[in-house]
Amino acid sequence: MLGLQALIPWLESHNFVVDYVQPEKCAVPHVFAKSGELLTVIVAATDMYPKKGVVTEADKAAALKVANQLQGFCAVASIGLVNIDGVEADDKDLMGRATRDGHYKADFKGLEYIQFEN
């Protein structure tokens, strides 16, 4: 859910209108967003510093299937989170740990569009 909290504002700042968010980790795709009339189906993965989330091939295939059925695009969002308290304390262990009521910064460079290979 923390990764989606970083993804949604990014989408909105890039002129997407978020139609639906599926926060359950096991449900794919996670986000349905439109840019104009173009629908993009997004599957997201999040991990803690120093890693970034990796979307599985099975999740990509499931999202591609939905995008194809809806005649939309499909994209992957690989998100890395760093615990700000760890950054401020210069504590690499804490940087990579999720804490209750923690504050996080996202490492997210944008969507990676994917499609079926012919």
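Residue numbers count from 1 along this sequence.
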Does a side-chain heavy-atom distance below 4.5 Å link [X] with [Y]?
{"X": "Phe32", "Y": "Val21", "result": "no"}
{"X": "Ile42", "Y": "His30", "result": "no"}
{"X": "Val31", "Y": "Val18", "result": "yes"}
{"X": "His14", "Y": "Leu11", "result": "no"}

Counting only heavy atoms not in [X], do more than 12 sit closer than 6.0 Å to its [atom1] atom?
{"X": "Phe73", "atom1": "CZ", "value": "no"}
{"X": "Gln69", "atom1": "CD", "value": "yes"}
{"X": "Glu24", "atom1": "CD", "value": "yes"}
{"X": "Lys65", "atom1": "NZ", "value": "no"}

Seminar exercise, completed: Taken to the nearest 0.5 Å, the spacing of Asp19 CG from Leu39 CG works out to 7.0 Å
Exercise. Going hydrophobic residue to hydrophobic residue with side-chain gaps under 4.5 angstrom, can you get from Leu64 over to Leu70?
Worked result: no
Exercise. Charged N to carboxylate O below 4.0 Å: is that the case for Asp90 and Lys92?
Worked result: no
Which atom pairs, donor and acceptor, lie under 3.5 Å between side-chain atoms of residues 80-89 and protein residues at least two apart or in another chain?
from  : atom 1 : to    : atom 2 : distance (Å)
Asn83 : OD1    : Asp85 : N      : 2.9
Asn83 : ND2    : Arg97 : O      : 2.9
Asn83 : ND2    : Thr99 : OG1    : 3.3

For this session: Verify whether one side chain among Tyr113 and Gln115 offers a donor that lies under 3.5 Å from an acceptor in the other.
Result: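 No donor-acceptor contact under 3.5 Å links the two side chains.
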